[in-house]
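Please read the structure below before turning to the comments.
Quick caveat, the model's predicted, so the values are computed rather than measured. The first residue in the sequence is number 1, and the count goes up from there. Any value given below was found using the heavy atoms of this structure, including those in side chains, with hydrogens, waters and symmetry copies removed.
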Amino acid sequence: MSDEASTWVLEPGTELIIDGEVWRVETCLPHLGRVTLIGDVGAPWKVQLSELIHRPGCRPSTRTCKDLPAASRGRQPKSMTDLQPTQQEHVMRRLQHIREVETGYRSGDPDAALPHEPLPQYDPETTTLTQRRKAKEAELRMARAIDPALAKSLALHRVSLRTLVRWDTARRRLGPIGLSDDRWLREATGHRITPEVREALFAVRDESLRRAKLTARDRERLIHQYVRETFGEKTKVPSYDVLRRVWRDWFGSNGGRQRYARSAAMAQKNATGRHVVVHRPGQVVALDTTVLPVKILEGVFGDPVSVHLTLALDVYTHSIVAFRLSLVSDASIDVAMVLRDMTMPLPMRPDWGEDMQWAYPGIPGTLVADFAGYEVAGLPFFAPETVTTDHGSVYRNHHLVEVQRVLGTNIKPSRVLRPTDKKAVERAFGAIQSLLFALLLGYQGVDTADRGVDPEADACLTVAEMEHIIATWIVGIWQNRRFDSYAPSWDPGGDHSPNSLFAASMTQSGFALRIPSPELYYQLLPSHQVMIHGKRGVKIKNLWYDGEALDPYRGKLSRRGGKAKNRYVIRRDPRDPCFVFFQDPLTHDWHTLRWVGLPEEGQFPAFSDARVREAMRELRKRGLAPKSDSELLPVLLEVIGGKIPVDQWPTQLTKKQRTEHAREVTQAAAAAADRPAGATVAQSAPASIPAARTGSDDGKVVPLRWRERAEQGQDAVTNERRRRREIAVPERPAPPPQDLSARLRATSLLALPDDDFDDGTDATAAAAAAAAQEEVSQ
């Protein structure tokens, strides 16, 4: 929850969330330190103010928090994706005016200035902020006088000096969404339906379930017929549009999902030809991905594979502030996690010594460790201002647009035919290759002609080992390496390293010790706007998720306005579809929702969205239509297992299939490592992948994990079948005790054994033999 939402203002009518229950303040006597609370049921509760403030499970409700925007009270926080495309344009237009008032430029950047900027009345060197605001007020007033209709269509027809101040304050506190009008995202109260029309809607609903598929027009005519014949012609029926919206809200729609609005493309600025001098850490961070030139072993089957290395390099200090290894090309979620790693200190590792710890002057290492909660390594961390990337599609999708809004950074693609924009990170790749990768087994060289005899056979490092080697090399060597040609402008002839430059910048301009909260992980995940089903939970990507956190909101509308009206926002990590995350509208706490098809006991093998689509194709091919995810589980496990016996896995699985399994396990492990502590109750993949062992006759022994992976799948199917049998078969009552004659017959030495009656014995002969045995025993 933001700091504004956590402010305690105890006055009559204020709502508090105490141990999951809603309480309302009836009276508050601060001079006596006493508060009287009223709940939904029961008698009033009189409690001391000190006890209430220090109670762990007590938090203020967002519905009565006056510091929050009206569109976020009692609802999930508003965002730019809630606005219509025209409303987004209005917000961006208002942002341009605010930037011009603040800096004198519509873009806010002097390097991207228009030919006529800055105007004399907006020149920050000759005018004050108040003078520029008054000039902007006069400009908008003149525009309203010339064309009132145009000013109203641009949502600029009611702008005063006070409005400009309020916009600027909201923009600094909430970002661009603070410039939106709360009336655009007003509370979705629904439509007023009379009892007669409500009865007609449910009657037609029952009728439509028994008939063939009806269109919305057909349902409207049946509603009119029911109302006319039951209540008379004078009863008023809402219009077709109202009935269609109410039907969709109450019973759902027969069509597809609502499409997400297309994200506004970032406007590319014309190159000014001016050279930008970077003079502080975090001002520009270069981000790029390349194929690692070293063959490594994936941790499932031990096959040599190629991985992708993503680097984030601070242009000013040339510090490698973050990196990632992935078995597949990076996606938007990987880039988001790299940006998150820049803002968080790197934890110390067990085999690192004191020379690897935080040693920058100005802030003691113990203070940074207290803020972070662990021992911190000597690697800079900060919130980046501008991130320069290439023109890949992964950097220009709607998810990254939302990520840069959350982090407060600006992701800009490099200019076309301008290799100098990313020369720093490109040079870093070459330096790491010559200083580290060339010395490792499995190195492929810079060209096929320079490649070794068999680099795949030389591979001996796993993904975890390679990641550890790179991290150790960056902290221990790269950050202390002397620059040859990247000396700062204020000391061209001095000896400097990334660590010394960062320490000097801390001495000159200070350091903002801002460590993001663990909740940042959830805010960087892709969002889905869905409805909460009363019994099944939420459906995302053809999978149902459920949890106890949804109980207070089952069958209820979210009351969020805007484009996704009355829908809830669910966050999902594409690397591990076993879990999704839900933010409580009242407390803003995050809760983990499990896939309902996930077994309750044991571990489930990792899978991805592609594996789910493959399972659905298999179901359609077989002509099956599962009613729940529990029926989907065996097919999914069969697809993951390769549809062959376990003993034949190492010999019959193709290399492509083994690589797919290894990618899924690695991605699930990375997602589990990024999640905050305590976010999940179980993991969908092994928490760690064992590294390769060296020292054998051939120099390497790689533990193959295909057998354990198959046993996980078999155990999951066995546990699921046992659970279904326990549910389907009721508990049998205990048999009554045997009487004395039965016990004597059972212990008699003259009794014939049961094996004498085989399958071919007649039932009559068996009965006669039993009677003879009873006579002998008597």
Side-chain angles (χ1 to χ4, degrees), residues 287-313 320-331 334 337-338 341 346-352 356 377 379 425 428-446 451-452 454-479 575 606 655 658-659 661-674 685-696 698-705:
L287 188 67
D288 198 7
T289 302
T290 187
V291 179
L292 192 72
V294 180
K295 286 288 185 179
I296 65 175
L297 303 176
E298 45 88 4
V300 181
F301 297 95
D303 292 337
V305 295
S306 297
V307 299
H308 291 74
L309 173 64
T310 302
L311 279 186
L313 183 81
I320 301 178
V321 291
F323 77 96
R324 286 260 171 163
L325 290 177
S326 58
L327 291 182
V328 294
S329 58
D330 53 346
D334 299 316
M337 292 299 109
V338 171
D341 292 344
L346 182 68
M348 288 285 294
R349 306 202 175 189
D351 59 340
W352 288 358
M356 309 281 279
L379 188 69
V425 67
F429 278 126
I432 298 176
Q433 179 172 329
S434 60
L435 297 176
L436 176 63
F437 295 153
L439 305 178
L440 301 178
L441 289 177
Y443 177 65
Q444 303 180 84
V446 296
R451 185 169 299 179
D454 192 357
E456 294 186 352
D458 297 336
C460 63
L461 297 174
T462 62
V463 179
E465 288 179 332
M466 177 60 72
E467 192 273 340
H468 182 70
I469 289 177
I470 296 177
T472 306
W473 184 85
I474 290 175
V475 179
I477 298 179
W478 176 266
Q479 291 298 119
R575 299 171 298 178
K655 184 177 180 180
R658 293 196 299 268
T659 304
H661 288 297
R663 289 174 177 174
E664 291 169 359
V665 171
T666 305
Q667 287 181 336
D674 290 332
S688 61
I689 300 174
R693 299 189 299 269
T694 59
S696 59
D698 55 353
K700 60 180 183 298
V701 176
V702 180
L704 300 180
R705 298 186 58 87

Which pair of non-hydrogen atoms, one from [X] and one from [Y], has the smallest distance, and what is that distance?
X: Met337; Y: Asp674; value: CG-OD2, 3.4 Å
X: Asp458; Y: Gly442; value: CB-N, 3.7 Å
X: Leu435; Y: Leu439; value: O-CD1, 3.8 Å
X: Ala671; Y: Arg575; value: CA-NH2, 3.6 Å
X: Lys295; Y: Ser306; value: NZ-OG, 2.8 Å

Do [X] and [Y] touch side chain to side chain, with heavy atoms closer than 4.5 Å?
X: Pro455; Y: Tyr443; answer: no
X: Leu297; Y: Val463; answer: no
X: Leu440; Y: Leu461; answer: yes
X: Ile320; Y: Leu311; answer: yes

How would you list, by chain and number, every residue that makes a side chain to side chain contact (heavy atoms under 4.5 Å, CB included) with [X], sequence neighbours excluded?
X: Asp341; answer: Ala322, Arg324
X: Ile477; answer: Trp473
X: Thr290; answer: Phe429
X: Ser326; answer: His308

Residues which pass side-chain hydrogen bond (donor to acceptor under 3.5 Å, both in side chains) with Gln444, listed by chain and number, not counting sequence neighbours: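 Partners of Gln444 by the side-chain hydrogen bond (donor to acceptor under 3.5 Å, both in side chains) criterion come out as none, since no residue qualifies.
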
Can you name the residues that form a side-chain hydrogen bond (donor to acceptor under 3.5 Å, both in side chains) with Trp352, not counting sequence neighbours? Thr472

Atom [atom1] in [X], atom [atom2] in [Y]: separation rounded to 0.5 Å?
X: Thr310; Y: Leu325; atom1: OG1; atom2: CG; answer: 8.0 Å
X: Ile470; Y: Phe437; atom1: CD1; atom2: CZ; answer: 4.0 Å
X: Leu313; Y: Leu287; atom1: CG; atom2: CG; answer: 10.0 Å
X: Met466; Y: Leu309; atom1: CE; atom2: CG; answer: 9.5 Å

Trace of the side-chain contact (heavy atoms from CB on, under 4.5 Å) decision for Ile469 with Leu436: CA-CA 9 Å; Ile469 289 177; Leu436 176 63; 4.1 Å; yes

Check step by step if side-chain contact (heavy atoms from CB on, under 4.5 Å) holds for Ile474 and Leu379. CA-CA 8 Å; Ile474 290 175; Leu379 188 69; 4.0 Å; yes

